[in-house]
Amino acid sequence: MFNSKFGSIPKFYVRAPGRVNIIGEHIDYCGYSVLPMAVEQDVLIAVEPVKTYALQLANTNPLYPDFSTSANNIQIDKTKPLWHNYFLCGLKGIQEHFGLSNLTGMNCLVDGNIPPSSGLSSSSALVCCAGLVTLTVLGRNLSKVELAEICAKSERYIGTEGGGMDQSISFLAEEGTAKLIEFSPLRATDVKLPSGAVFVIANSCVEMNKAATSHFNIRVMECRLAAKIPFLCGGLQTGCWNSGVCHLCILFGELLAKYKSLQWDKVLRLEEVQAKLGISLEEMLLVTEDALHPEPYNPEEICRCLGISLEELRTQILSPNTQDVLIFKLYQRAKHVYSEAARVLQFKKICEEAPENMVQLLGELMNQSHMSCRDMYECSCPELDQLVDICRKFGAQGSRLTGAGWGGCTVSIVPADKLPSFLANVHKAYYQRSDGSLAPEKQSLFATKPGGGALVFLEA
Ligand code: GLA
């Protein structure tokens, strides 16, 4: 196909995998560790550098039209998440990192088998693959950590304020092991998954493109505001509103005075709040209950708390696509984030200690994660909830939505000996169409193992 598109043959190939997040949802952009693994599905690009500035992109999938532009004038249209824009994000990230205004052109044919808009990071895989293609064309070197950081940042050109999980695992993954990904500084540690269990991905078949709606960015903004509000509005700033009996006062009587002087307006992430207070995640949950109220906040109340105008809220804190949001559920979002961050650490600990009932314990954490995503973070949907129930009914010890949510896939932990019956029953229960026919199993429901990270294949 490359030959028929460009009349030449590729000089090298690059692959970057998608991922499944086992636990730790919507907490990477709050600064907390997550626990994903790479899947074997990936984006693969065949590349031929050319001597002009022409950048020509083609896709093996006819749904994605060819695209060409000049490599020294990259424009990324935030209004439409078109496929080639993800390629341009990766390219622009590398271009900017090296401060290059001109780039040589290339012919690229993109292929991929990660189901799109399904929570398995097909878009980040394309950004990472394009970043590595560009680096290889330039003949330069960067570490995997640097590449991951550059690609996480440059994917935001598309308009979504994602954390760094997807790009990090795409570069740092290693076959046979899941990874605990920690941020600031970015690092990845092996997490050995239980040998007696299999992780199964099931697609709800509800497509969700996080760049096409504002759901994702609204959550990022809610977390950002939750990090700023409690200590300005609650006990620290104005004196205790619970007559001295709130957890904030009981736990940290002395800390209150100390932290009063901190510049909360500079705080962006919930993890920074915890680090500044120097208390545990469990204590942060108690503090959240006192410092935030469960009723949604409106922009006026937020402005009052922060002492800023609506205009300042919009221009200094909110993203372009969240300017008109009228309701911010800060209490619920913060509770999800702190509890989910604690579940990630518990999950890793259980994997390390490997108790006899480890599959059951890990499953319980995954179930709790789903409940929190559904009720506190409100990033599930009826189909995902139904699929999770079906998976549990047919033998999963735990099941949860994975990725951004609002559609896409679930991940379940299934005892190895139950796998064949689990697959058969879930397939029948969720994928049987009203006419009795079944959706193709291969792409919708499959067991997966930790795969390897991004690679360049050069001709010998
Ligand atoms: C998307 C983002 C990630 C992460 C997940 C939710 O995949 O790109 O950074 O926030 O959603 O956990």
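We use all heavy atoms of the structure for the numbers below, so side chains are in, but hydrogens, waters and symmetry mates are not. Both counts, for ligands and for their atoms, begin at 1 and track the order of listing.
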**Asked** Which residue supplies the protein heavy atom nearest to atom 9 (O) of ligand 1, what is that atom called, and how far is it?
**Response** D28 OD2, 2.5 Å
**Asked** Taking only heavy atoms of G163, which atoms of ligand 1 are found under 4.0 Å from at least one of them?
**Response** 9 (O)
**Prompt:** What heavy-atom pair brings L445 and A202 nearest, and what distance separates the two atoms?
**Reply:** CD1-CB, 3.7 Å
**Item:** CA sep, side-chain torsions, deciding dist, call: Y64, H84, ring pair (Phe, Tyr, Trp, His ring centres under 6.0 Å)
**Value:** CA-CA 8 Å; Y64 304 120; H84 62 256; over 10 Å; no
**Request:** Flag this pair as yes if the NZ/CZ of R219 is under 6.0 angstrom from the six-membered ring centre of Y377 and inside a 45 degree cone about the axis; otherwise no.
**Result:** yes
**Message:** Do P355 and M358 make a side-chain contact, defined as non-hydrogen atoms from C-beta onward lying under 4.5 Å apart?
**Reply:** yes
**Request:** Show which atoms of ligand 1 fall inside a sub-4.0 Å distance from at least one heavy-atom site of A404.
**Result:** 11 (O)
**Request:** Verify side chain to side chain donor-acceptor pair (under 3.5 Å) between Q360 and E364, making sure each step is shown before the conclusion.
**Result:** CA-CA 6 Å; Q360 183 202 332; E364 279 165 16; 3.1 Å; yes
**Request:** Might you confirm whether atom CD1 of I327 has over 12 heavy atoms from other residues, nucleotides or ligands at distances under 6.0 Å?
**Result:** no
**Request:** For the pair Y338 and Y32, name the ring-plane relationship: parallel under 30°, tilted 30 to 60°, perpendicular over 60°.
**Result:** perpendicular
**Item:** Contact (N/O only, under 3.5 Å) between Y29 and ligand 1
**Value:** no
**Prompt:** For ligand 1, which atoms, with element, lie under 4.0 Å from some heavy atom of E25?
**Reply:** 6 (C), 12 (O)
**Item:** Nitrogen or oxygen atoms of N21 and ligand 1 under 3.5 Å apart
**Value:** no
**Fill in**
Here the atoms of ligand 1 under 4.0 Å from any heavy atom belonging to D166 are 1 (C), 2 (C), 3 (C), 7 (O), 8 (O)
**Request:** Within a distance under 4.0 Å of any heavy atom of R19, pick out the atoms of ligand 1 and give their elements.
**Result:** 7 (O)
**Asked** For ligand 1, which atoms sit closer than 4.0 Å to a heavy atom of M165?
**Response** 4 (C), 5 (C), 12 (O)
**Request:** Consider ligand 1: state whether an atom of it lies below 4.0 angstrom from any non-hydrogen atom of E155.
**Result:** no
**Asked** How far is atom 11 (O) of ligand 1 from its nearest protein heavy atom, and which residue and atom is that?
**Response** F216 CE1, 3.4 Å
**Request:** Give a yes-or-no answer on whether the side chains of D111 and T60 include a donor-acceptor pair shorter than 3.5 Å.
**Result:** yes
